[in-house]
Visitor: 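Mind having a look at this structure? Questions to follow.
Start at 1 with the first residue, then count along the sequence.
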Amino acid sequence: MVKRQVPKPTELFELMQFKRPDFNGKRRRLEGALTIADLRTIAKRRTPKAAFDYTDGAAEGELSLARARQAFEDVEFHPGILRPAPEVDTSVEILGGPSALPFGIAPTGFTRLMQTEGEIAGAGAAAAAGIPFTLSTLGTTSIEDVRDTNPTGRNWFQLYVMRDREISYELTRRAAAAGFDTLHFTVDTPVAGARLRDKRNGFSIPPQLTLGTIVNAIPRPWWWVDFLTTPKLEFASLSSTGGTVGEMLDAAMDPTISYDDLAIIRELWPGKIVIKGVQNVEDALRLRDAGVDGIVLSNHGGRQLDRAPVPFHLLPQVRKAAGDDFTVMIDTGIMNGADIVASVALGADFTLIGRAYLYGLMAGGRAGVDRTIAILRSEIERTMRLLGVASLAELEPGHVTQLRRLGPL
């Protein structure tokens with residue numbers, strides 16, 4: 001029989017310690033976010049539906065995005081045993097410079113509509129973490145302001161070729177003058193994809209008030225206070241706004257973009273140049289032979305051609321065909337540090353996060369982006385330790401099996 005006794009007060013205090021309450025709401029909710037999915041839940045609660053759906057959504061039936069995320073979930077890891085890795089090195093050399101982690105922040109458009117700190121929060125968080133930040137042509141912060149936010153870090157610029165070519169040329173010159181070291185020449189947006197959530201929500205730039213948006217705004221007054229009391233949104237490449245994002249993109253983009261445009265931009269750009277939006281092996285090899293510095297396997301986060309190839313599925317084929325000396329990066333669907341580890345194991349030199357960064361931004365501004373990076377860093381380090389690897393260079397295809405739900409007939 002168990003012997004019972006009257007508990008002593010001193011022992012009770014040892015066993016039952018009360019947590020000190022944190023009255024800082026932002027810090028409390030961000031510390032409670034343990035995954036990127038948790039940040040997404042907070043972001044959805046705090047952001048008006050139209051702005052959240054613009055970030056969260058994809059083209060048409062959103063099959064490309066769903067398949068990209070499923071591809072990462074359908075990964076089987078193969079850990080080594082008795083290979084202690086008490087300390088892991090997550091740093092990489094990418095495109096002629098260092099990164100403390102194997103991922104950077106991808107270019108995103110209209111970012112200050114999601115949360116008013118926008119690209120400044122992203123660039124500042126990237127600077128603190130020692131990773132690259134990529135500014136979009138459709139960003140809502142100037143090239144020079146991003147440079148001033150991250151003056152000694154890695155700044156990259158993503159370029160669309162506009163109908164008015166001089167706009168693109170001038171942006172290229174400005175980014176070079178500001179010390180941006182890499183240009184992401186984007187090739188998958190000759191026209192805008194059919195982003196049906198935006199059409200159903202009546203999402204426009206600038207936001208237009210309707211009965212629905214007013215009702216949706218009532219429980220989120222902080223978003224509207226921030227939007228209305230901060231500087232007017234300005235876009236580096238759009239001289240006029242008004243209409244849906246798709247309508248503005250179709251008016252601005254040029255479907256005749258070709259290798260001739262790439263040649264002109266290469267003449268203007270003094271740094272590294274990578275082609276973003278590659279979706280097959282043949283194009284990857286043609287670009288390698290054309291002498292570009294690298295490519296990004298991407299279907300634009302599923303926001304352009306629905307049912308496009310899954311970049312993560314394409315990665316091993318491209319790496320095998322292109323060889324080890326050609327820089328291959330990947331985006332689309334990354335929601336966990338384990339996704340990044342699997343990508344590196346299968347041949348990616350680097351990865352880019354888009355929505356994961358924006359969920360953090362919407363959840364808590366700069367502090368939310370810091371939290372995104374911290375979550376991914378922790379997941380990367382833990383996955384590496386559990387696999388028994390001490391550095392990214394030790395990762396190899398044998399660590400990963402891709403389990404396919406969909407296969408060609």
Visitor: Looking just at side-chain N and O atoms, do T327 and D349 make a donor-acceptor pair shorter than 3.5 Å?
Guide: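 No donor-acceptor contact under 3.5 Å links the two side chains.
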Visitor: Quick check: closest heavy atoms across T141 and V146, and the distance to 0.1 Å?
Guide: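 The pair with the smallest heavy-atom distance is CG2-CG2, 4.0 Å.
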Visitor: Kindly check if the number of other-residue, nucleotide or ligand heavy atoms within 6.0 Å of CZ (R165) is above 12?
Guide: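 Buried by this count: over 12 neighbours within 6.0 Å.
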Visitor: Over all heavy atoms of both residues, which pair between G301 and S298 is shortest? Give the atoms and the distance, please.
Guide: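 Minimum heavy-atom contact is N-OG, 4.3 Å.
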Visitor: Please tell me if the side chains of F77 and L386 come closer than 4.5 Å, counting only heavy atoms from C-beta onward.
Guide: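 No, every pair of side-chain atoms sits at 4.5 Å or beyond.
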Visitor: For a quick test of reading the model, state the closest non-hydrogen atom pair linking P397 to L346 and the distance between them.
Guide: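 Minimum heavy-atom contact is CA-CD2, 4.0 Å.
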Visitor: Has R355 got a side-chain atom pairing as donor or acceptor with T55's backbone, closer than 3.5 angstrom?
Guide: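 Side chain of R355 to backbone of T55, a donor-acceptor pair under 3.5 Å: yes, one is there.
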Visitor: If you draw the axis of the six-membered ring of Y259, does the NZ or CZ of R286 fall within 45° of it and under 6.0 Å from the ring centre?
Guide: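 Checked: cation-pi criterion met.
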Visitor: Indicate the atoms forming the closest heavy-atom contact of S64 with R307, along with that distance.
Guide: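 Residues S64 and R307, closest heavy atoms: OG-N, 2.7 Å.
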Visitor: Working to the nearest 0.5 angstrom, can you tell me the gap between L159 CG and L135 CG?
Guide: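 So the gap between those two atoms works out to 11.0 Å.
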Visitor: Surrounding CD of E166 (heavy atoms of other residues, nucleotides or ligands, distance under 6.0 Å), is the total greater than 12?
Guide: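 Check passes, neighbour count above 12.
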Visitor: Under the criterion side-chain contact (heavy atoms from CB on, under 4.5 Å), I'd like the reasoning laid out for I330 against L314: C-alpha separation, chi angles, the key distance, then a yes or no.
Guide: CA-CA 10 Å; I330 184 175; L314 185 61; over 6 Å; no
Visitor: Mind checking the CZ-CD spacing from R405 to Q70? Nearest 0.5 Å is all I need.
Guide: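 That separation rounds to 3.5 Å.
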Visitor: Starting at CZ of R371, measure out to CD of E31 and round the result to the nearest 0.5 Å.
Guide: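 Separation between the atoms: 7.5 Å.
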Visitor: Please check: side-chain N/O of S343 versus main-chain N/O of A348, any donor-acceptor pairing under 3.5 Å?
Guide: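 Such a contact is absent between S343 side chain and A348 backbone.
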Visitor: Under the 3.5 angstrom rule, does the side chain of T137 hit a backbone N or O of Y160 as a donor-acceptor pair?
Guide: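 Confirmed, T137 side chain pairs with Y160 backbone.
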Visitor: Are the side chain of R163 and the backbone N or O of P255 linked by a donor-acceptor pair below 3.5 Å?
Guide: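 No: the side chain of R163 does not pair with the backbone of P255.
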Visitor: Got L392 and V341 here, is their nearest side-chain heavy-atom distance under 4.5 Å?
Guide: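 Result no, sub-4.5 Å side-chain heavy-atom pair not found.
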Visitor: For the residue pair Q115 and T47, confirm or rule out a side-chain donor-acceptor distance under 3.5 Å.
Guide: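 No donor-acceptor contact under 3.5 Å links the two side chains.
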Visitor: Within the 4.5 Å heavy-atom criterion, are I334 and F103 side-chain neighbours or not?
Guide: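 In short, these two side chains do not touch, never coming nearer than 4.5 Å.
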Visitor: Under 4.5 Å between any side-chain heavy atoms of L262 and I273, yes or no?
Guide: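 They are in side-chain contact.
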Visitor: Applying side-chain contact (heavy atoms from CB on, under 4.5 Å) to D38 and I375, what does each step give before you reach the verdict?
Guide: CA-CA 11 Å; D38 290 342; I375 288 171; over 6 Å; no
Visitor: Would you say the side-chain atoms of T134 pair up with the backbone N or O of I105, donor to acceptor, closer than 3.5 Å?
Guide: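 Looks like yes, one N/O pair under 3.5 Å.
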Visitor: Determine whether a donor-acceptor pair (N or O, by modelled atom type, separation under 3.5 Å) exists between the side chain of R29 and the backbone of I42.
Guide: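 Such a contact is absent between R29 side chain and I42 backbone.
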Visitor: Using the test side-chain hydrogen bond (donor to acceptor under 3.5 Å, both in side chains), find all partners of R195 that sit at least two apart in sequence or belong to another chain.
Guide: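 side-chain hydrogen bond (donor to acceptor under 3.5 Å, both in side chains) list for R195, sorted by chain: Q304.
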Visitor: Whether E170 and R173 form a salt bridge (side-chain N of Lys/Arg under 4.0 Å from carboxylate O of Asp/Glu) is what I want to check.
Guide: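 Yes, this pair counts.
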Visitor: Between S91 (side chain) and S99 (backbone), is there a donor-acceptor pair under 3.5 Å?
Guide: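 Answer holds: no.
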Visitor: Would you call R319 and P316 a side-chain contact if the rule is heavy atoms closer than 4.5 Å?
Guide: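 With C-beta onward as the side chain, the pair stays apart.
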Visitor: A side-chain contact here means heavy atoms from C-beta on lying under 4.5 Å apart; do I380 and V88 qualify?
Guide: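 No, too far: nothing below the 4.5 Å cut-off.
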Visitor: To the nearest 0.5 Å, tell me how far T140 OG1 sits from I120 CD1.
Guide: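 One finds 9.0 Å between OG1 of T140 and CD1 of I120.
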Visitor: Rounded to the nearest 0.5 Å, what separation is found between the CG atom of D293 and the NZ atom of K272?
Guide: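 NZ of K272 is found 5.0 Å from CG of D293.
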Visitor: Under a 3.5 Å threshold, yes or no: a donor from one side chain and an acceptor from the other, between D56 and Y359?
Guide: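 Looking only at side-chain atoms, Y359 and D56 do form a donor-acceptor pair, the distance falling under 3.5 Å.
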Visitor: Got a donor-acceptor contact below 3.5 angstrom from the R112 side chain to the P231 backbone?
Guide: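 Side chain of R112 to backbone of P231: a pair is present.
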Visitor: If I compare all heavy atoms of V274 with all of I295, which pair ends up nearest, and what's the gap?
Guide: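 Shortest heavy-atom separation between V274 and I295 comes out as CB-N, 4.3 Å.
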Visitor: Mark yes or no for whether D339, through its side chain, and M335, through its backbone, hold a donor-acceptor pair below 3.5 Å.
Guide: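 Pair found, side chain donor or acceptor close to backbone of M335.
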Visitor: Passes side-chain contact (heavy atoms from CB on, under 4.5 Å), F157 versus I143? Steps please.
Guide: CA-CA 8 Å; F157 187 71; I143 291 168; 3.9 Å; yes
Visitor: Would a 4.5 Å heavy-atom cut-off, applied to side chains only, mark L95 and M329 as touching?
Guide: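 The answer is yes, as the side chains (C-beta and beyond) meet within the 4.5 Å cut-off.
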Visitor: Atom CG in N201, atom CG in L196: separation rounded to 0.5 Å?
Guide: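 One finds 11.0 Å between CG of N201 and CG of L196.
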Visitor: Walk me through it: do N299 and V310 pass the test side-chain contact (heavy atoms from CB on, under 4.5 Å)?
Guide: CA-CA 7 Å; N299 62 29; V310 174; 5.5 Å; no
Visitor: Do E144 and R174 touch side chain to side chain, with heavy atoms closer than 4.5 Å?
Guide: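 Of all side-chain heavy-atom pairs linking R174 with E144, at least one is under 4.5 Å.
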Visitor: Kindly confirm or rule out a cation-pi arrangement of R303 over Y54, judged by NZ or CZ under 6.0 Å from the six-membered ring centre and within 45° of its axis?
Guide: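 Ring-cation test returns yes.
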Visitor: Minimum heavy-atom separation for V187 to I275, with atom names?
Guide: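 Result for this residue pair: CG1-CG2, 3.6 Å.
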Visitor: Please check if the side chain of D261 supplies one atom and the backbone of S258 the other of a donor-acceptor pair under 3.5 Å.
Guide: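 Side chain of D261 to backbone of S258: a pair is present.
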Visitor: Tell me which donor-acceptor pairs under 3.5 Å the side chains of residues 176-185 have, and how far apart each pair is, sequence neighbours excluded?
Guide:
| from | atom 1 | to | atom 2 | distance (Å) |
| --- | --- | --- | --- | --- |
| D181 | OD1 | R154 | NH2 | 3.1 |
| D181 | OD1 | W156 | NE1 | 3.0 |
| D181 | OD2 | R154 | NE | 3.1 |
| T182 | OG1 | W156 | NE1 | 3.4 |

Visitor: Let me know which of T90, T35, I36 forms a side chain to side chain contact (heavy atoms under 4.5 Å, CB included) with L376.
Guide: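 Per the side chain to side chain contact (heavy atoms under 4.5 Å, CB included) rule, the option paired with L376 is I36, out of T90, T35, I36.
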